[in-house]
There are 2 protein chains.
Amino acid sequence: MKQMTIGRLSKAAGVKVTTIRYYESINLMGVPDRSTSGQRLYDDEAVQRLSFIRHARDLGFPIDSIRDLIDLQHQPGEDCAHVDAIARRQLANVRLKLSQLEALEGELKRMISACEGGTIASCKVLESLSDHGLCLDGHDAKGLSA
Amino acid sequence: MKQMTIGRLSKAAGVKVTTIRYYESINLMGVPDRSTSGQRLYDDEAVQRLSFIRHARDLGFPIDSIRDLIDLQHQPGEDCAHVDAIARRQLANVRLKLSQLEALEGELKRMISACEGGTIASCKVLESLSDHGLCLDGHDAKGLSA
DNA sequence: CTACAGTCTACAGCGACTGTAGAGGCAAGG
DNA sequence: CCTTGCCTCTACAGTCGCTGTAGACTGTAG
């Protein structure tokens with residue numbers, strides 16, 4: 001299979017059609033060939049590249065880091081220290097979020113287990129939320145909302 | 001101190017001025033009084049409410065849930081089951097994210113420790129990212145990027 | 001030939017803010 | 001009184017990584 005449409009690429013790499021077009025619009029995926037009627041045509045290299053992107057996204061790498069990683073891939077003679085640094089930075093980010101989430105989990109658990117039913121007026125959960133300064137002093141939970 | 005400007009409220013509750021105005025724009029904070037020159041004036045109740053919001057945000061509650069919690073606060077006679085449900089849902093969200101992040105951490109750690117330096121061409125990190133299907137099959141890491 | 005799935009562009013929306021621009025307000029020091 | 005310098009105002013664009021929508025066109029199977 002030499003050339004494929006965006007739908008086939010989408011299935012091959014496990015990335016939605018709209019997302020592929022989005023990646024093209026931000027220059028993360030290159031500009032593909034077009035059929036005479038204007039449809040995008042991709043080759044196997046595009047599958048490779050898109051799979052790489054998808055895997056990196058699954059691991060939480062931001063788009064900019066992925067761009068860097070792809071650039072680096074095309075300089076095979078270079079030292080891989082830079083790649084390593086990007087991965088380590090990502091690991092550090094993940095660990096930071098982990099520790100923040102663990103703190104949140106602890107507090108939520110504590111809050112919920114304090115609640116013994118009853119009315120709003122006596123609700124320990126709302127009490128905990130109203131009492132400021134109980135926990136997590138100083139740091140916040142940016143990007144952790146759900 | 002009966003009335004305070006937005007800057008003082010900001011310090012009192014630990015929420016940025018711009019964020020307070022944003023909360024007002026989405027009707028999370030009520031419409032405050034204004035001085036003759038048009039500056040917002042808040043009272044201690046606003047400090048309470050904003051602190052509550054901040055604490056809930058720190059715990060990752062989405063704005064809509066916080067809105068619900070505030071509504072419930074004003075019905076002290078009701079059963080607190082609803083409050084409990086909101087908190088439990090948030091705890092479930094946090095736990096889901098935790099487990100996803102733990103998986104990410106594991107894979108990143110594995111990737112990085114496989115790297116023994118050298119050139120890009122032999123970089124295990126890039127290899128791991130190129131080999132698809134190694135891990136995390138089927139689920140993705142939405143909202144976990146950093 | 002007809003139906004239907006796939007593809008196209010362009011733009012708005014999500015969540016929870018943050019940043020910017022340009023204007024006006026207020027209190028303290030000289 | 002005037003300046004200095006911070007505070008506040010509004011309105012809107014930008015962040016991140018997409019997702020959803022509208023409306024038109026294309027390709028294919030029956």
Side-chain angles (χ1 to χ4, degrees), chain A residues 3-29 31-42 46 50 53-68 70 90 93 97 100 140-146, chain B residues 3-29 31-42 46 50 53-70 90 93 97 100 104 140-146:
Chain A
Q3 301 265 76
M4 68 191 93
T5 61
I6 198 168
R8 289 194 194 286
L9 173 62
S10 168
K11 267 173 199 154
V15 176
K16 288 187 185 168
V17 168
T18 45
T19 306
I20 297 171
R21 286 198 279 253
Y22 168 71
Y23 286 163
E24 184 185 327
S25 80
I26 60 168
N27 301 314
L28 187 58
M29 286 293 285
V31 176
D33 290 343
R34 297 277 184 148
S35 73
T36 49
S37 63
Q39 301 198 349
R40 290 170 180 81
L41 294 174
Y42 298 93
L50 190 51
I53 292 169
R54 196 211 136 184
H55 198 173
R57 285 294 302 133
D58 281 349
L59 287 168
F61 286 89
I63 300 277
D64 279 353
S65 294
I66 298 175
R67 229 191 290 270
D68 289 348
I70 289 173
Q90 177 58 13
N93 284 334
K97 287 206 173 160
Q100 290 175 343
D140 64 357
K142 265 162 200 163
L144 297 172
S145 58
Chain B
Q3 302 266 76
M4 67 192 93
T5 60
I6 197 168
R8 290 196 194 284
L9 172 62
S10 168
K11 267 174 199 153
V15 175
K16 287 187 185 170
V17 167
T18 45
T19 304
I20 297 170
R21 287 199 278 250
Y22 168 69
Y23 286 162
E24 184 185 327
S25 79
I26 59 169
N27 301 314
L28 187 58
M29 286 293 285
V31 176
D33 290 342
R34 297 276 185 151
S35 73
T36 49
S37 62
Q39 301 198 348
R40 290 168 180 80
L41 294 174
Y42 298 93
L50 190 52
I53 292 168
R54 196 210 136 185
H55 199 173
R57 286 293 303 133
D58 282 350
L59 287 168
F61 286 89
I63 299 279
D64 279 353
S65 295
I66 297 174
R67 230 190 289 269
D68 290 348
L69 289 172
I70 289 174
Q90 176 58 13
N93 284 335
K97 287 207 175 161
Q100 290 174 343
L104 298 196
D140 65 355
K142 265 162 203 165
L144 298 172
S145 57

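We name chains A, B, ... by the order of the sequence lines, and we start the count at 1 in each one.
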Gap between atoms [atom1] and [atom2], on [X] and [N] respectively (whole Å):
X	N	atom1	atom2	answer
Glu24(B)	dT10(D)	CD	C1'	12 Å
Asp58(A)	dG17(D)	CG	P	14 Å
Leu59(A)	dG17(D)	CG	P	14 Å
Leu41(A)	dC8(C)	CG	C1'	13 Å
Met4(B)	dC7(D)	CE	C1'	16 Å
Ile26(A)	dT15(D)	CD1	P	12 Å
Lys16(B)	dG19(C)	NZ	C1'	10 Å
Ile20(B)	dT18(C)	CD1	P	11 Å

Which of the following nucleotides, dG6(C), dC18(D), dG25(C), is nearest to the side chain of Arg57(A)?
-> dC18(D)

Side-chain (Gln90(B)) to main-chain (Gly60(B)) donor-acceptor, under 3.5 angstrom |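 Present.
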
For [N], does OP1 or OP2 lie under 4.0 Å from any side-chain N or O of [X]?
X	N	value
Tyr23(A)	dC18(D)	yes
Arg8(A)	dG6(C)	no
Thr5(B)	dT8(D)	yes
Tyr22(A)	dC16(D)	no
Arg40(A)	dT7(C)	no

Do Val31(A) and Arg40(A) pass the side-chain contact (heavy atoms from CB on, under 4.5 Å) test, and can you show the C-alpha distance, the side-chain angles, and the key distance before you say yes or no?
-> CA-CA 9 Å; Val31(A) 176; Arg40(A) 290 170 180 81; over 6 Å; no

Validation row: Tyr23(B), Leu50(B) side chains within 4.5 angstrom (heavy atoms) = yes

So, do Ile70(B) and Arg67(B) sit near enough that their side-chain heavy atoms are less than 4.5 Å apart?
->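 SC-SC contact between Ile70(B) and Arg67(B) ruled out.
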
With both distances under 3.5 angstrom, what nucleotide forms a Watson-Crick or G-U wobble pair with dA29(D)?
-> dT2(C)

Paired to dT8(D) by Watson-Crick or G-U wobble criteria (both distances under 3.5 Å) is dA23(C)

In terms of the nearest nucleotide of DNA chain D, which residue is placed more toward the 5' end: Thr18(A) or Arg34(B)?
->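 Its nearest nucleotide lies further toward 5', so the answer is Arg34(B).
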
First of Gln39(A) and Thr19(A) reached from the 5' end of DNA chain D, by closest nucleotide |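 On the 5' side of the pair lies Thr19(A).
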
Please lay out, stage by stage, how Val15(B) and Ile53(B) fare under the test side-chain contact (heavy atoms from CB on, under 4.5 Å).
-> CA-CA 9 Å; Val15(B) 175; Ile53(B) 292 168; over 6 Å; no

Using a heavy-atom cut-off of under 4.0 Å over every strand shown, decide if Arg21(B) touches base, sugar-phosphate, or nothing.
-> base

